[in-house]
Amino acid sequence: MIASGKFHPDALFGDLGRQDCVLGIEFSGRDSSGRRVMGMLGGSGMATTVIPHPYFLWEVSDQWTLEQASTIPIAYGTAYYALIVRGQMRAGESLLVHAGSGSVGQAAISIALHMKCTVYTTVGSQKKQDSI
């Protein structure tokens, strides 16, 4: 979103906006033992080698390509933080997801359905509605 101009680096948390490279806050690849992994960083992830925190590193399912896996951490991390940590969503509740066809919206829907919640969503166009 930063690269496309939809998100300004000054809006990033902490001192990320003042770093030389703020791109690459999620990644996928192989760790030193060869495991396929994905994770989140505080920026500078557009590199051939990164040192992630173990709490923000997950093994990649065999059903996913590494390219697919690289799109998961921020969307699901954002949705999980918003719904579970801050929103304290509980099983069986109802949820309204605005922009349900976007990556965070799709993650929120997935998490809510997994928790047996009732989900309502909005989308910005008929084309986006057809894609859900």
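The first residue in the sequence is number 1, and the count goes up from there.
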Could you tell me if the side chain of [Y] sits less than 4.5 Å from the side chain of [X], heavy atoms only?
X      : Y      : answer
Arg30  : Val37  : no
Tyr80  : Ile111 : yes
Thr122 : Val97  : no

Start with the C-alpha gap between Trp64 and Met38, add the side-chain angles, then the distance that decides, and say whether side-chain contact (heavy atoms from CB on, under 4.5 Å) holds. CA-CA 11 Å; Trp64 295 346; Met38 62 183 173; 3.7 Å; yes

Does [X] belong to the same Ile/Leu/Val/Met/Phe/Trp/Tyr cluster as [Y], with side-chain heavy atoms less than 4.5 Å apart forming each link?
X      : Y      : value
Ile84  : Leu96  : no
Leu113 : Tyr120 : no
Val104 : Val85  : no
Val60  : Tyr55  : yes

[atom1]-[atom2] distance between [X] and [Y], expressed to the nearest 0.5 angstrom:
X      : Y     : atom1 : atom2 : value
Leu57  : Met40 : CG    : CE    : 10.5 Å
Met115 : Glu93 : CE    : CD    : 7.5 Å
Arg86  : Tyr81 : CZ    : OH    : 4.5 Å

For [Y], is there any backbone N or O sitting under 3.5 Å from a side-chain donor or acceptor partner on [X]?
X      : Y      : answer
Ser28  : Ala69  : no
Glu26  : Gly39  : no
Ser110 : Gln106 : no
Thr71  : Gln68  : yes

Heavy-atom pair of closest approach, residues [X] and [Y]:
X     : Y      : result
Ala79 : Ala107 : CB-CB, 3.8 Å
Leu95 : Ala112 : CD2-CB, 3.6 Å
Val50 : Leu41  : CG1-CD1, 3.6 Å

Sorted by chain and residue number, the side-chain hydrogen bond (donor to acceptor under 3.5 Å, both in side chains) partners of Gln63 (sequence neighbours excluded) come out as Ser61

If the plane angle is over 60° it's perpendicular, under 30° parallel, otherwise tilted; pick one for Phe56 and His53. perpendicular

